[in-house]
Amino acid sequence: MCGIFSFISREPSSIATVLVEGLQKITYRGYDSVGVSVLHNEEHHVIKAVGNMDQLAPLMPKKSLQAHVGIGHIRWATNGSVSLQNAHPVASKHFALVHNGIISNIDDIAPRLPKISVLKGETDSEVVVHFCEHLWSNNRSSFFSLERAVELLEGSWALAIACTKNPESLLFARKQSPLIIGEAPEGFYLASDIGSMPDTVTELTFPEDGDYGFVNTKEIIVYNNKKEVVRPTSPHVTTQQTATKGSFSSFLLKEIHEQPDVVRSILKNNVQKTESSSFTPSFAESVRIRTARMHLIACGSSYYASLLGVHWLEKIANIAASPYIASEYYWQCAEDKMCAFISQSGETADILRLFSEPLKPKAKHTMCLINSAHSSLSRLVPRVIPLYAGVERSVASTKAFLSQITTLFLLACAWGGEEGRKHIAKLETLPTLLDTLIKGSYDFLATNIPPLLDINHYIFLSAENLYPIIVEGSLKMKELSYITSTAYTFDNMPFLHIHPHSMLIIVLNKDHEPLAHEALALALQDHAPFVIVITNGPSDLIPPHCLHLETPECDHLVFPMLATPFLQMIALVVAEHRGSCIDQPRNLAKSVTVE
Ligand code: F6R
């Protein structure tokens, strides 16, 4: 998705280099064009490229311009095609801007522009920059032009704007799209993603919906509705997580290997057996309120994690839980229920829209499970349970998904009374089991899954509480390899779909032997050329021509956590055979931040 990274330096400095470094850190979000603009000698020096950062690099000047202000952007085309004209920054005579979000009343704004405004592209953002220019021609104040513009615009925006008349200042505005300001000794950074903030940043300021203002070399001034306001700040804690792949061939593979530590971190931060409680004070506080019914609301992989959460909440905690895809949710009769939002980024637009007019929260109790600290969602919901997955750089989610299902399991244990708490022991052994499973698995799979390039249909099969992980496994296959893949439970499998051009991936709880027989007999008779079967521990049922993957022996309740890394690695190996771009698959956004 689109990302903003802009910088205002206290002293003139090589702004373009700083912008490229910052943008580089958010490329994991997925993008199709990139651009930077440096304000130097009352002129916007705009450099843009269609494609990725590699296409931008050769266009950069050998000697970086020394300036105070620069704005940068990666674009994911939603409004207007992928083209140089539509790439950001977009500029008029005096203004240059970068924009995340969508202006919904552009048809009302565009006719207000004077006839001489030359629009080169097709985007709403370009109309906005010319609109600011038009307003400025009347009032000669960049700040009042922005103030008037945000009064008239509708939709969503995070904006960083440079004006040639204010070479030591950067304007900003935000509404329903994230924007954070970081202060460092060398200056101020405006970014849509906290992950792009340099380690030098000491303090973060969080503008709120409808805020606008400016940052100069000394201070941040924030306005809302024509009044100056003070917004909350918080210290910037750097994660110390390296932005490098280390010895791994991709961030995805690295993040799959980080999963045992993610579970360790979840346990360390939430479970603490003392006389008075099984949980740390913060987790105990998060689970203090238990409702008999719950709604779990999420998108994409996070939604599949919720499906598993629903199963555990019902089985372990006896809570009637229902899953909802956020775009389909309207606070349905939610007054007496706990509404739990599950999101890696905390910035997914379909979730955030539930907190704005005309919907507004209708639940008495809300909570969220979020990986990205300081996200917009974490500021909207009172009870926040962090996921402790660390920064996920691969666009396709792996360790964040595992952190979500593990935390949902823990929640079910916490609400399951004495009996529920007994299940926590199953989580305590999980990191070591994951270590054992993950070690060597990738090499084994890379050697044993043949490069079946003519296979164009992957079928995932399972039963009971394993369905959510095979839909997630199937999603990983689609995301990484662009292959059609489908997930079915045994009961609902349209058998005709298995044919010599399909590959079958079966996840079986070995205690369900009749099902196993049925599935494997099917696989044989229908001639799927390649069959992978994943079981929890050894099983004699698996015919020799199937590739049998055994997780360490484990209880069926935690089998989903152990089968998941296998499914992730299968998708990775197939994608590598097909030559796909693993960390930034084509047309895939990490979280969808526009509606
Ligand atoms: C899949 C993936 C997406 C996200 C979805 C929700 O690999 O990354 O499907 O799971 O966009 O995003 P969050 O969890 O950030 O709300």
Side-chain angles (χ1 to χ4, degrees), residues 1-3 26-31 76 78 177-178 192-195 250-253 255-256 259 296-309 323-329 340-355 368-378 380-381 384-405 407-408 468-482 485 487 564-565 567-572 575 580-595:
M1 279 277 110
C2 299
I26 48 172
T27 52
Y28 71 91
R29 295 167 68 98
Y31 66 111
W76 167 280
T78 47
S177 191
S192 52
D193 189 318
I194 196 169
S250 59
F251 279 109
L252 191 103
L253 185 58
E255 286 157 10
I256 290 173
Q259 294 179 115
L296 271 59
I297 304 126
C299 296
S301 294
S302 305
Y303 171 71
Y304 298 144
S306 332
L307 297 183
L308 211 41
Y324 289 91
I325 297 176
S327 57
E328 307 298 312
Y329 194 67
F341 299 89
I342 296 118
S343 175
Q344 190 285 125
S345 61
E347 302 295 355
T348 294
D350 281 342
I351 296 182
L352 297 183
R353 91 184 160 97
L354 291 164
F355 291 86
C368 58
L369 276 60
I370 292 187
N371 189 39
S372 205
H374 304 303
S375 58
S376 302
L377 185 57
S378 65
L380 291 166
V381 176
V384 179
I385 302 188
L387 291 167
Y388 302 108
V391 179
E392 203 178 47
R393 293 207 176 268
S394 160
V395 172
S397 180
T398 53
K399 60 176 181 167
F401 175 78
L402 195 90
S403 72
Q404 291 167 337
I405 60 176
T407 307
L408 284 164
I469 60 152
I470 62 157
V471 244
E472 168 61 8
S474 168
L475 176 67
K476 288 288 92 86
M477 188 65 80
K478 287 184 270 227
E479 287 177 339
L480 298 178
S481 307
Y482 324 116
S485 86
T564 290
L567 294 170
Q568 296 164 343
M569 281 190 271
I570 293 169
L572 168 62
S580 305
C581 174
I582 302 298
D583 288 329
Q584 282 157 29
R586 173 163 45 91
N587 295 339
L588 188 68
K590 185 136 192 73
S591 66
V592 182
T593 51
V594 284
E595 280 183 54

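First listed ligand is number 1; within each ligand, the first listed atom is number 1. In this chain, residues are counted from 1 in sequence order. Bear in mind that the values here come from a model prediction, so they are computed numbers and not experimental data.
In this structure, the side chain of E392 engages the main chain of K399 through a donor-acceptor pair within 3.5 Å. Side chain of N371 to main chain of A389: a donor-acceptor pair is present (N/O by atom type, distance under 3.5 Å, no hydrogens or angles). A donor-acceptor pair under 3.5 Å links the side-chain atoms of E255 to the main chain of S394, judged by distance alone.
At least one N or O atom of E479 sits closer than 3.5 Å to an N or O atom of ligand 1.
The ligand atoms of ligand 1 that sit less than 4.0 angstrom from a heavy atom of V395 are 8 (O). The contact set between ligand 1 and S345, taken as ligand atoms under 4.0 Å from a residue heavy atom, comprises 13 (P), 15 (O), 16 (O). Residue A396 approaches ligand 1 through these ligand atoms, each under 4.0 Å from one of its heavy atoms: 7 (O).
By the side chain to side chain contact (heavy atoms under 4.5 Å, CB included) test, S378 pairs with I370, S375, V384, sequence neighbours left out. Listed by chain and number, the residues in a ring pair (Phe, Tyr, Trp, His ring centres under 6.0 Å) with Y324 are H295, Y329 (sequence neighbours excluded).
Ranked by closest heavy atom to atom 16 (O) of ligand 1, the top entry among T348, L352, L252 is T348. Taking all heavy atoms of S397, G300, A400 into account, the minimum distance to atom 7 (O) of ligand 1 is reached by S397.
With hydrogens and angles left out, the side-chain atoms of E472 and T564 include no donor and acceptor closer than 3.5 Å.
Ligand 1 has at least one atom lying under 4.0 Å from a heavy atom of K476.
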